[in-house]
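Predicted model only: the values in this text are computed from it and were never measured. Here is the naming used below: chain letters follow the sequence lines, and residue numbers restart at 1 for every chain.
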Amino acid sequence: MSAQTITEKILAAHAQEGFVPAGNIATVTPDVLMLNDVSGPIAFEQFESIGAARVAAADRVVLVADHFAPASDIVSATAIKSLRDFASRHGVRHVYEPGRGGIEHALLDELGMIGHGTVVFGADSHTCTAGAFNALGMGYGSSDLAATLAIGRLWMLVPESIRVEFIGAPRRFVSGKDIVLALIRTIGVDGAASASLEFGGPGLSTLGMDERMAIANMAVEGGADTCVFEGDARSLAHAKARGRGDSIPILADAGAKYRDRIVIDLSALSPMVAAPPSPGSGAPVESFAGQKVDQVYVGNCSNGTLTDLRQVAEILRGHTIAPHVRMVVVPATQAIWRAALAEGLLDIFTAAGAVVSPPTCGACFGGHMGILAAGETAIATTNRNFRGRMGHPESRVYLANAWVAAASAVRGEITPPQALLPTAGGRS
Amino acid sequence: MTLASLEISGYVHRLGDHVDTDAILPGRYLAIRDPAQLASHCLESLDPEFRSRVRPGDIMVAGRNFGTGSSREHAVIALKAAGIRAIVVESAARIFFRNAINLGMPVMISAAASRGLEAGQLATVSVARHAIEQGRQIYAAQPLGGEVAAILASGGLMQRTRQLLAAGPMHTSEALSNG
């Protein structure tokens, strides 16, 4: 039996063919099949057109209203309703709407649906977030998942792996966002095309699960098919807390072959900002000092976690945001929202003059909850800053971590966090 | 339909590298499903004249990493409803490539064709011969085989899946693993 990468191992456990070497086709049955209010309606129409008798594995299907939720107009309300209609027609139990759900990629972990070695197929490109948990998340379009709803499995190319080794430990104000912006800066926005990014190394243990999520979330921004973090003591503790302690951490075999190896020295990183119009343009925050911002947006599937919200609170405590700035804070799930409430974080945000949104994809993709007008500039903890991403084509979005975003809200311009909180020792 | 019959002749439209799915179909329109409505917003900021210029059967030519970003199938639906019938690129983002094939739209990978095809001129894409012709130029493209070819030959993934289901569960497994 040849030495396998983590990606090959996880797929082998789910493939009709058993072990399939990278570069070849496998027919894979996912553990979870996820759709949302944007991808679901098209998939349901396609599914009905196939004429299948029923959904192949209704208990594995998860439907989440997150993009335009709570419904922002009649068209999106109709789309969200179709999730519930499909669920009741086909016996799908897992349907999540505002108040009891959240943004799908953060929600899936909270539901205990991701363990070590889980395969998630999601009709959303950020399904790769699941890689944080030593699982494989693959993004697909509506048609691919409509076919999978009918047949239960899907053909896919088993990607080669690129090994990313972390060494050292991140300094103060450096988070998952900075690590992934640095990675994409290095490899380019299609540098990981047809590959799986596999993360490990001695520095892995310094990264919390929220930080791993932030990194895994943006793997697709480097062109990756998918990604996966090594399983370790931390991922095992997390899995136990989610009721998935039975799942076994997965590591690559010694001698597994990689397309490339990249070493990232976490201690050499500093807070990064990616300028519009590319997530690949990350540079140290100091390069953008003085850039005026009109809106600060914290939260989405990559950085709406309690870790990010605590970072915002740390900066905002005792401050108010600049008079010309609007700030929108979006906890990624209802549970995170309530935890932030209990910790007093929402009080800090609102006292500072920020708006606290329900969990929603919202303005990240230009849907609602903080759209930009022509000539406006935002700094956001989101994952894409393509032209027009958050609103008018003549608006601009800079990507950064939550500390940087919050500091920028206070000053009204892109600001290094140390300007508000002089560094004192290690990371929080 | 067979792969041999999949030949598209139309006028060429050109875009650059890293054209993302927000440019092809902006996020604010994602609750829309009607193809004609989606087509009315296709490339509206990146190439505002595209919608009035494009004719049924036309060919989209772009550079590297075409369709990067979101998994939104709306991007392909919009291009298709606008009239595009084939795509020629140096490279395409994974999900966009799959979405296009699944909707019966061939995506031909050819760096030479991506560079050389001239906008506003007629060209012919032949999937079976994996070639694109324009005037006296013939560009070779990567052959589309396996399940990709099977899907295109059926006219799209839903048609292919209907065939597989009609053939019965054993045949579905075999057919899927043989490609």
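Looking only at atom types and distance, the side chain of A:S39 has a donor-acceptor partner in the side chain of A:N36 under 3.5 Å away. Donor-acceptor pairing under 3.5 Å is recorded for the side chains of B:S9 and B:T124. Side-chain contact of A:S76 with A:D73: a donor-acceptor pair under 3.5 Å is present, judged by distance alone.
Contact of A:Y140 with chain B is made through backbone and side chain together, with heavy-atom distances under 4.5 Å. Both the backbone and the side chain of A:R389 have a heavy atom closer than 4.5 Å to some heavy atom of chain B. For a residue to count as touching a neighbouring chain, one of its non-hydrogen atoms must lie under 4.5 Å from one of that chain's; by this rule B:L157 touches chain A with the side chain only. Looking at A:M156, both its backbone and its side chain come within 4.5 Å of chain B, counting heavy atoms on both sides. Both the backbone and the side chain of A:A52 come within contact range of chain B, with heavy atoms under 4.5 Å apart. Interface remark: B:I151 contributes side-chain atoms only to the contact with chain A (heavy atom separation under 4.5 Å). Interface remark: A:E394 contributes no atoms to any contact with chain B (heavy atom separation under 4.5 Å).
Using bins of under 30°, 30° to 60° and over 60° for the plane-to-plane angle, the ring pair B:F66/B:F96 lands in the perpendicular bin. Using a 30° and 60° split on the angle between ring planes, A:H90 and A:F47 fall in the perpendicular class, above 60°.
Not counting sequence neighbours, B:F97 has no partner by the ring pair (Phe, Tyr, Trp, His ring centres under 6.0 Å) test.
Residue pairs satisfying the side-chain hydrogen bond (donor to acceptor under 3.5 Å, both in side chains) criterion with at least one member in residues 93-110 of chain B, sequence neighbours excluded, are listed as follows: A:D144-B:R98, A:D144-B:N102.
When each of B:T161, B:T68, B:L103 is checked for heavy-atom pairs under 4.5 Å with chain A, B:T161 comes out on top. Of the residues considered (A:E221, A:H126, A:R387, A:M138), A:R387 shows the highest number of contacts with chain B, using heavy-atom pairs under 4.5 Å. Between chain B and the residues A:G367, A:P41, A:A150, A:A15, the most heavy-atom pairs under 4.5 angstrom are made by A:P41. For the set A:V75, A:N383, A:T127, the count of heavy-atom pairs under 4.5 angstrom toward chain B peaks at A:V75. Options A:V220, A:L157, A:D124, A:I371 differ in how many heavy-atom pairs under 4.5 Å they form with chain B, and the most are formed by A:D124. Options A:T78, A:D37, A:I50 differ in how many heavy-atom pairs under 4.5 Å they form with chain B, and the most are formed by A:I50. Highest contact tally toward chain B, considering only A:A79, A:C361, A:G139, is held by A:G139 [criterion: heavy-atom pairs under 4.5 Å].
Looking at heavy atoms from C-beta onward, A:H105 lies out of side-chain contact with A:S302 at the 4.5 angstrom threshold.
Between A:F365 and A:F386, a ring centre-to-centre spacing not shorter than 6.0 Å is recorded.
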